[in-house]
Amino acid sequence: MTARPYVVLSAAMSVDGYLDDTSSERLRLSNAADFDRVDQVRAESDAILIGANTMRRDNPRLLVNSEERRAQRVADGKPAYPLKVTVTRTGDLSADLNFWHHGGEKLVVTVDDAAEKVRATLRGLANVVSVGPDLDWGLVLDELGRRGVARLMVEGGGTIHTQLMAANLADEVHLAIAPLLVGQPEAARFLGAADYPGGSTSRMKVLEIRAIDDVIFVRYSPKERG
């Protein structure tokens with residue numbers, strides 16, 4: 001049986017748990033030093049995954065920005081950029097988004113009802129695979145494992161983070177906590193309501209805590225609960 005990837009959830013959030021505010025401009029939560037840390041984690045990953053909602057809202061390129069890190073990947077026998085992955089149940093994607101036009105190989109994981117719609121929209125900009133009638137995260141990870149993905153970095157959004165945490169499929173959580181307060185109930189949060197493993201009294205193991213300029217970086221092991 002093919003091994004599933006080691007799953008790292010990565011997010012920057014405000015002290016009160018928000019990924020963004022409700023303004024039209026993306027809220028800058030990280031600082032330059034923390035963005036560089038994220039670039040290193042991307043370079044160490046075999047694939048980077050975001051949801052279709054995050055792609056539509058933020059329109060990211062999702063690259064390893066450091067030329068030195070890309071060169072090291074190539075020297076290690078890897079492509080310069082990790083595989084970029086998105087998931088969609090509806091197939092509502094645009095071929096104009098930055099995601100498709102920068103970096104290396106791209107993959108869309110979807111469901112049976114949306115697969116042909118995605119292929120028609122993207123016209124070869126990405127490989128498209130269905131995991132069946134429903135978007136089962138276990139099947140998504142199985143598919144990535146079959147494609148040689150050993151380490152998967154998940155950069156959001158909050159719905160995907162919530163689903164993976166609730167299914168106990170996250171091996172690590174990387175949180176950059178910015179010294180900001182958003183306080184807007186309509187804004188996107190890192191995690192939403194869910195039936196999380198172990199309930200509200202189950203404490204995750206802390207693997208690392210450090211200051212990165214004015215951001216606090218915390219690394220947790222969700223599967224090690226006490």
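Count residues from 1 along the sequence.
- Residues V215 and N31 form a side-chain contact, since some pair of their non-hydrogen atoms from C-beta on lies under 4.5 Å apart.
- Atom OH of Y220 has 12 or fewer heavy atoms from other residues, nucleotides or ligands within 6.0 Å.
- Remark: N65 CG to R42 CZ distance equals 6.5 Å, nearest 0.5 Å.
- Rounding to the nearest 0.5 Å places OG of S94 at 10.0 Å from CE of M55.
- A heavy-atom distance below 4.5 Å is not found between the side chains of Y81 and L62.
- The closest side-chain donor-acceptor pair between E68 and S66 falls under 3.5 angstrom.
- With sequence neighbours excluded, no residue forms a side-chain hydrogen bond (donor to acceptor under 3.5 Å, both in side chains) with D113.
- Of the possible polar contacts, one joining the D21 side chain to the S23 backbone as a donor-acceptor pair under 3.5 Å is found.
- Atom CD of Q184 sits about 7.5 Å away from atom OH of Y18, to the nearest 0.5 Å.
- Residues V149 and L9 share a single hydrophobic cluster, defined by chaining ILVMFWY side chains whose heavy atoms lie under 4.5 Å apart.
- At most 12 heavy atoms of other shown residues, nucleotides or ligands fall within 6.0 angstrom of atom CD in E67.
- A pairwise comparison of heavy atoms in I50 and P60 identifies CD1-CG, 3.7 Å as the closest pair.
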Self-check item: salt bridge (Lys or Arg N to Asp or Glu O under 4.0 Å) between D76 and R73, worked out
Solution: CA-CA 5 Å; D76 292 340; R73 284 179 57 87; over 6 Å; no

For D136 and D142, run side chain to side chain contact (heavy atoms under 4.5 Å, CB included): C-alpha distance rounded to whole Å, both residues' side-chain angles, the deciding distance at 0.1 Å, then the answer. CA-CA 10 Å; D136 180 295; D142 288 341; over 6 Å; no

### Task
Before giving the answer on salt bridge (Lys or Arg N to Asp or Glu O under 4.0 Å), spell out for D171 and R151 the whole-Å C-alpha distance, their side-chain angles and the decisive distance to 0.1 Å.
CA-CA 10 Å; D171 295 288; R151 187 175 181 89; over 6 Å; no

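- One finds the CG atom of L83 at 9.0 Å from the CD1 atom of I48 (value rounded to the nearest 0.5 Å).
- No donor-acceptor distance shorter than 3.5 angstrom exists from the side chain of D16 to the backbone of L181, with no hydrogens or angles considered.
- Summarising the geometry, atom CD belonging to E155 is positioned 11.5 Å from atom NE2 belonging to H174; distances are rounded to the nearest 0.5 Å.
- With values rounded to the nearest 0.5 angstrom, D46 atom CG is found 5.5 Å from K78 atom NZ.
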* Derivation and outcome, side chain to side chain contact (heavy atoms under 4.5 Å, CB included), residues L125 and K106 -> CA-CA 7 Å; L125 290 172; K106 293 92 180 175; over 6 Å; no

Could you go step by step and tell me if Q72 and R69 meet the side chain to side chain contact (heavy atoms under 4.5 Å, CB included) rule? CA-CA 5 Å; Q72 185 60 56; R69 288 174 181 140; 5.5 Å; no

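- Of all non-hydrogen atoms in V108 and W100, the two that sit nearest each other are CG2-CH2, 3.4 Å.
- Partner of D20 under the side-chain hydrogen bond (donor to acceptor under 3.5 Å, both in side chains) criterion, out of R28, R26, R189: R26 alone.
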